[in-house]
Amino acid sequence: MWHRWLKPKKKNITPLAYEFVVSVQTDVGCRRESNEDAGRCVKPHDPELLSNKGVLVMVADGMGGYAAGEVASRLAVDVISRAYYEEKVTAPVALKKAFEQANRAIYEQARKDETLKGMGTTCTALVLQNRSAFAAHVGDSRLYLVRDDAIYQQTEDHSAVREMVKRGLLSVAEAQRHPERNVLVRAMGRHPNVEVVVWEEPLSVCAGDRFLLCSDGLHDLVTDEEMKQAVLDNDPPAACERLIALAKQRGGHDNITVGVVQVQPVGEDAPVNMPKTRQVEVRL
Ligand SMILES: [Mn+2]
């Protein structure tokens, strides 16, 4: 299935090239004993590979008994990071194939090992290649774009409550509080094949754009508006820390994983966040 979600406005500023400042952080949270989330950023050193395939950022949220969730989310990011760069096809097709390979690897592993039976994982991946971005996902780990002063959700959760919202059975607010809001209708590794949502066309990136990827441990507890503010007020590592701290202040009932990407023209220093009130030096 090819899909595009909420199209933000285009801007007409095109510098020569962009670089991507990335931070991905994960935290066990306050209640769980282990972290079944996984997150990763892959930046190839080879300039040709970087130009052809770009930078890959992923968040996966595993599920299953014992350590199975950890195995599933780790397998997803491992297989996708290898397969995506190996596939000798266009970048979006490579990403779709990499997801399919990861799905199969998790499914086969669960079939071979009784203790891993029924394991699965979400996975949301973002690729930043030259001047464009595209994404793929399965499950309810989300991708957002922050452009100018607005935040746009770029993925649609594969959850039971989202289906109910679409059928008009629940409002968005009701879905957010629903006790079964974390029940997925689609996950990686549950079946031999999976339907992966991949963007049909890339999104042109602009200087100052920020992307945010997160597991439900974050979006359950932190609003879109708070995510937007955190990425606008902080550089990527500090934004991840701030958002994880916010989710933990609110109970941190699940593992929390956040990835933040900042797009900036090559050669330009990372923007310094000016405080709202500034001391002015007065010379007499
Ligand atoms: Mn979770």
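Indexing begins at 1, ligand by ligand and atom by atom, following the structure's order. Quick note: residue numbers are just sequence positions, from 1.
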Tyr144 six-ring face occupied by Lys228 cation (under 6.0 Å, within 45°) = no

Would you call Lys53 and Glu87 a salt bridge, using N to O less than 4.0 angstrom?
-> no

Inspect the contact between Lys96 and Glu100 and indicate whether a charged nitrogen and a carboxylate oxygen are less than 4.0 angstrom apart.
-> yes

So, is Asp61 placed with an N/O/S atom under 2.8 Å from the Mn ion (ligand 1), counting both backbone and side chain?
-> yes

Measuring from the Mn ion (ligand 1), name the closest N, O or S atom belonging to Asp254.
-> OD2

Using a cut-off of strictly less than 2.8 Å, determine whether Asp216 has an N/O/S atom near the Mn ion (ligand 1).
-> yes

Could you tell me whether Arg104 and Glu108 have a side-chain N and a carboxylate O separated by less than 4.0 Å?
-> yes

